[in-house]
Student: 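Got a structure here, written out as structure tokens. Questions coming.
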Amino acid sequence: MQLEYIGAFDVVLGVLARFWPVWIALVLVMGASFVYKKRLGLYGQLFDSSVGIVGVGICLFWLFTAIFASTISPFNPLVQIPIMKDALPGAVEPQSGLVYLFGGDKLARDVFSRMVYGSQIVLIIAPAATGFALMVGITLGLPAGYYGGRIDTVLSFLANLVLAFPVILLFYLLVTPGIMETPIPYAMAGLFFLFPIIFFSVLFWTRYKKRPDRLYILLGLTLIIGGWVYSGLVFDADPFRIIHIDPNQLNIFVAVVFASSPGVFRIVRGLVMDIKTRDYVAAAQTRGESPWYIMLWEILPNARGPLIVDACLRIGYTTILLGTLGYFGLGLAPESPDWGTAIKDASRLLRSFIHPALPPTIALMSFVLGLNLLADSLREQSMKD
């Protein structure tokens, strides 16, 4: 049976039409952000520059794409329709009449649908792993920079030890099948995922220890929510089956946290060593505030600018790293629609069919570009502050 094709202009219109929920969400969020930008603090200040607007727009585009992936995608990303193997963009699937907008890959799967669903994997792993790396780096970097001495020496030595390994080699060692079959990833996850619970417990304790009515509520919520997330991620024991992560994704998640935490640690340590000499820190010490109160409520808020910028850049680095691992076939399952795996699968047939490689490549490039523009705008705002 010979396939029918629609024109290039119809393909463009079809792609734009499939993203209709994203356009509506972007108009609503961006419009409200413009109207109320003076009330939105640092986020609102991003809309004072064209770089910030473009960066926010690109990041929100992929965020809403991940949220509405099931509505946007015309096909299941794993479904194979034999007649659509290596179909060119605009091919019409005979039975359903739906269009393979970006064509089909070598396994007859819809390239457009796989690109859309690939955004979910990237936007789940990269920001979440970066967030946990921030928790680990901040929790260890604060006392290292504030106390100095032996604590700083030991923690800095451990951080430098990890940083001494080439990143790609470190990831290769952590996500190989042999390591995945051992309890090492789960042991590391059990350690790293404790840090957010410890961080927020200490945060609330130092702030509200003289107000037990509020303290007990916040500590209770921290332990309940933290324990729920911890049991789902580490033990896959969430009774509601909401918090769940596949073993392959857990391995990559742990590897990202392990490799990124030392960099965050060094940034936090350097910021603390500078900020702790300021007058407002001396004033807090004179009032008799505890060291952890000073670290969490005096020093950390004044270090937020560089940390936010670093978080945006680090998410971009992690996205590229996920694509690199997928390209080498490490970590995620071979049928995964993540952008790195899609690029790897398409690269083997570049001389014959280039169309399967372009969508995931452009998606990866545009998302990282949006994060870099966002980081540039945040850096400008932090310098003004």
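Every heavy atom of this structure was used, including side-chain atoms; hydrogens, water molecules and symmetry mates were not.
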Student: Search all heavy atoms of Ala189 against all heavy atoms of Leu250 and return the closest pair with its distance.
Tutor: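 Shortest heavy-atom contact: CB-CD1, 4.0 Å.
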Student: Could you check whether any side-chain heavy atom of Tyr186 comes within less than 4.5 Å of a side-chain heavy atom of Val254, counting everything from C-beta outward?
Tutor: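 A side-chain contact is absent here, since even the closest heavy-atom pair is not under 4.5 Å.
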Student: Hey, is CD on Glu4 packed in by over 12 heavy atoms from elsewhere, all under 6.0 Å?
Tutor: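 Atom CD in Glu4 is not crowded, with 12 or fewer foreign heavy atoms closer than 6.0 Å.
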Student: Does the Gln80 side chain pair with the main chain of Pro82, one donor and one acceptor, at a distance under 3.5 Å?
Tutor: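 Such a contact is absent between Gln80 side chain and Pro82 backbone.
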Student: With distance as the sole test, does Tyr230 use its side chain to make a donor-acceptor pair with the main-chain N or O of Gly190 at under 3.5 Å?
Tutor: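 Yes, the answer is positive, given that a donor and an acceptor are paired below the 3.5 Å cut-off.
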Student: Inspect the surroundings of CZ in Arg287 and state if more than 12 heavy atoms from other residues, nucleotides or ligands are less than 6.0 Å away.
Tutor: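 Counting neighbours around CZ of Arg287, more than 12 heavy atoms of other residues, nucleotides or ligands fall under 6.0 Å, so yes.
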Student: So how far is it from Leu46 CG to Leu373 CG, rounded to the nearest 0.5 Å?
Tutor: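 Leu46 CG to Leu373 CG: 11.5 Å, rounded to 0.5 Å.
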Student: Tell me if the centroids of the rings in Phe75 and Tyr100 come within less than 6.0 Å of each other.
Tutor: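 Ring centres of Tyr100 and Phe75 closer than 6.0 Å.
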Student: Would you please test Val12 and Val15 for side chain to side chain contact (heavy atoms under 4.5 Å, CB included) and show each step?
Tutor: CA-CA 5 Å; Val12 174; Val15 171; 5.9 Å; no
Student: Are any non-hydrogen side-chain atoms of Val92 and Leu3 less than 4.5 angstrom apart?
Tutor: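 Side-chain contact under 4.5 Å: no.
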Student: Let's go through Asp345 and Arg109 carefully: what are the C-alpha distance in whole Å and the side-chain angles of both, what is the deciding distance for side chain to side chain contact (heavy atoms under 4.5 Å, CB included) to 0.1 Å, and is it a yes or a no?
Tutor: CA-CA 12 Å; Asp345 292 340; Arg109 300 167 298 191; 3.8 Å; yes
Student: Would you say Glu289 and Thr206 make side-chain contact, with heavy atoms under 4.5 Å?
Tutor: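 SC-SC contact between Glu289 and Thr206 ruled out.
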Student: Would you check, one step at a time, whether the test side-chain hydrogen bond (donor to acceptor under 3.5 Å, both in side chains) holds for Thr71 with Trp20?
Tutor: CA-CA 9 Å; Thr71 303; Trp20 68 265; over 6 Å; no
Student: Can you classify the ring geometry of Phe112 versus Phe102 as parallel (below 30°), tilted (30 to 60°) or perpendicular (above 60°)?
Tutor: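 Because their plane-to-plane angle is over 60°, the rings of Phe112 and Phe102 count as perpendicular.
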Student: Determine, stepwise, if the pair Trp339 / Tyr117 fulfils ring-ring contact (aromatic ring centres under 6.0 Å, His included).
Tutor: CA-CA 9 Å; Trp339 296 334; Tyr117 271 96; over 10 Å; no
Student: Quick check: do Val29 and Phe64 have side-chain heavy atoms less than 4.5 Å from each other?
Tutor: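 Yes. Closest side-chain heavy atoms under 4.5 Å.
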Student: State whether the number of non-hydrogen atoms from other residues, nucleotides or ligands found under 6.0 Å of Lys106 atom NZ is greater than 12.
Tutor: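 Counting other residues, nucleotides and ligands, NZ of Lys106 exceeds 12 neighbours.
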Student: Between Met115 and Leu101, is any pair of side-chain heavy atoms under 4.5 Å apart?
Tutor: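 Met115 does not reach Leu101 side chain to side chain.
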Student: Same cluster or not: Val51 versus Tyr43, using hydrophobic residues (I, L, V, M, F, W, Y) connected whenever any side-chain heavy atoms lie under 4.5 Å apart?
Tutor: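 Shared cluster, yes.
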Student: Does any part of the side chain of Asp86, heavy atoms only, come nearer than 4.5 Å to the side chain of Asp105, both counted from C-beta?
Tutor: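 No, every pair of side-chain atoms sits at 4.5 Å or beyond.
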Student: If you look at every heavy atom in Gly145 and Val272, which pair is closest and at what distance?
Tutor: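 Minimum heavy-atom separation between Gly145 and Val272: C-CG1, 3.5 Å.
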Student: Looking at Ile243, is its backbone amide N or carbonyl O close enough to the side chain of Trp228 to form a donor-acceptor pair, meaning the two atoms are under 3.5 Å apart?
Tutor: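 Such a contact is absent between Trp228 side chain and Ile243 backbone.
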Student: Take atom OH in Tyr293; do more than 12 heavy atoms of anything else shown fall under 6.0 Å from it?
Tutor: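 It does: Tyr293 OH has more than 12 such atoms within range.
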Student: Verify, without hydrogens or angle tests, whether Asp274 (side chain) and Gly270 (backbone) share a donor-acceptor contact under 3.5 angstrom.
Tutor: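 No, the answer is negative, given that no donor and acceptor are paired below the 3.5 Å cut-off.
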Student: Would you indicate whether Asp213, at its atom CG, is surrounded by more than 12 heavy atoms from other residues, nucleotides or ligands within a distance under 6.0 Å?
Tutor: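 Check passes, neighbour count above 12.
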Student: Could you report the tightest heavy-atom contact between Pro21 and Ile72, atom names first, then the distance?
Tutor: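 Reported closest heavy-atom pair: CG-CG1, 4.0 Å.
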Student: Before we go on, tell me: are the rings of Phe34 and Phe47 under 6.0 Å apart, centre to centre?
Tutor: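 Yes.
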Student: Can Met273 be reached from Val264 by stepping across I, L, V, M, F, W or Y side chains whose heavy atoms are under 4.5 Å apart?
Tutor: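 In one cluster with Val264: Met273, no.
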Student: Kindly indicate, with the supporting measurements, whether the criterion ring-ring contact (aromatic ring centres under 6.0 Å, His included) is fulfilled by Phe193 and Phe235.
Tutor: CA-CA 11 Å; Phe193 295 167; Phe235 301 107; over 10 Å; no
Student: Which pair of heavy atoms, one from Met84 and one from Pro94, lies closest together, and at what distance?
Tutor: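 Reported closest heavy-atom pair: SD-CD, 4.2 Å.
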Student: Can you confirm whether more than 12 heavy atoms, excluding those of Arg266, are under 6.0 Å from its CZ atom?
Tutor: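 Count not over threshold, so no.
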Student: Does the side chain of Thr277 come within less than 4.5 Å of Val281's, by heavy atoms?
Tutor: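 Answer no - side chains too far apart.
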Student: Just checking Tyr280: does its OH atom have more than 12 heavy atoms from other residues, nucleotides or ligands closer to it than 6.0 angstrom?
Tutor: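 More than 12 heavy atoms, drawn from other residues, nucleotides or ligands, come within 6.0 Å of this atom.
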Student: Under 3.5 Å, side chain of Thr139 to main-chain N/O of Val136, donor-acceptor pair present?
Tutor: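 Side chain of Thr139 to backbone of Val136, a donor-acceptor pair under 3.5 Å: no, none is there.
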Student: Strictly distance-based, threshold 3.5 Å: is any side-chain N or O of Thr341 a donor or acceptor partner for the main-chain N or O of Pro337?
Tutor: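 Judged by distance alone, no pair lies under 3.5 Å.
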Student: Would Leu191 and Val154 show up in the same hydrophobic cluster when neighbours are defined by side-chain heavy atoms closer than 4.5 Å?
Tutor: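 Unlinked, Leu191 and Val154 end up in two clusters.
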Student: If you apply the rule side chain to side chain contact (heavy atoms under 4.5 Å, CB included), what do you find for Asn76 with Ser113, and how did you get there?
Tutor: CA-CA 7 Å; Asn76 186 308; Ser113 298; over 6 Å; no
Student: At their closest point, which heavy atom of Ala87 faces which heavy atom of Ala91, and how far apart are they?
Tutor: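 Answer, listing the atom of Ala87 first, then Ala91: CB-CB, 3.7 Å.
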Student: Which heavy atom of Arg269 sits nearest a heavy atom of Asp152, and at what distance?
Tutor: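 For Arg269 versus Asp152, the nearest heavy atoms are NE-OD1, 2.6 Å.
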Student: Check whether more than 12 heavy atoms from other residues, nucleotides or ligands sit under 6.0 Å from atom CD1 of Ile354, and answer yes or no.
Tutor: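 12 or below, so no.
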Student: Distance-only, no hydrogens or angles: does the Ser260 side chain make a donor-acceptor pair with backbone N or O of Val257 under 3.5 Å?
Tutor: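 No, Ser260 side chain to Val257 backbone: no donor-acceptor pair under 3.5 Å.
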Student: Any donor and acceptor pair, going by atom type alone, linking the side chain of Arg114 with main-chain N or O of Pro77 inside 3.5 Å?
Tutor: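 Answer holds: yes.
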Student: I need the Ile252 CD1 to Ile125 CD1 distance, nearest 0.5 Å.
Tutor: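 Answer rounded to 0.5 Å: 5.5 Å.
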Student: Distance from Asp48 atom CG to Lys38 atom NZ, nearest 0.5 Å?
Tutor: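 The distance works out to 9.0 Å.
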Student: Measuring from atom CD of Gln45 to atom CD of Glu380, what distance do you get when rounded to the nearest 0.5 angstrom?
Tutor: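 It is 11.5 Å, given to the nearest 0.5 Å.
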Student: The test is side chain to side chain contact (heavy atoms under 4.5 Å, CB included); show your working for Arg278 and Ile299 and say whether it passes.
Tutor: CA-CA 9 Å; Arg278 307 287 174 84; Ile299 296 177; over 6 Å; no
Student: Once you round to the nearest 0.5 Å, how far does OG1 of Thr130 lie from CG of Leu313?
Tutor: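 Atom-to-atom, Thr130:OG1 and Leu313:CG are 10.5 Å apart.
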Student: Quick one: does any side-chain atom of Asp310 pair with a main-chain N or O of Pro306 as donor and acceptor, under 3.5 Å?
Tutor: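 Such a contact is absent between Asp310 side chain and Pro306 backbone.
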Student: Would a distance-only check, ignoring hydrogens and angles, find a side-chain to backbone donor-acceptor pair under 3.5 Å from Ser119 to Val116?
Tutor: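 Here the side-chain-to-backbone pair exists.
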Student: For the atom pair CD1 (Ile245) and CZ (Phe253), what is the distance rounded to the nearest 0.5 Å?
Tutor: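 Rounded to the nearest 0.5 Å, the CD1-CZ separation comes to 5.5 Å.
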Student: Do Leu300 and Leu203 come close enough that some side-chain heavy atom pair is under 4.5 Å?
Tutor: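 A side-chain contact under 4.5 Å is absent here.
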Student: Is there a path of hydrophobic side-chain contacts, each under 4.5 Å between heavy atoms of I, L, V, M, F, W or Y residues, that connects Phe192 with Ile124?
Tutor: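 In one cluster: no.
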Student: Give the cluster check for Leu107 versus Ile121: same hydrophobic cluster or not, with ILVMFWY residues linked at side-chain heavy-atom distances below 4.5 Å.
Tutor: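 Shared cluster, no.
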Student: Taking the six-membered ring for Trp, are Trp205 and Phe200 closer than 6.0 Å centroid to centroid?
Tutor: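 Aromatic pair excluded; centres sit 6.0 Å or further apart.
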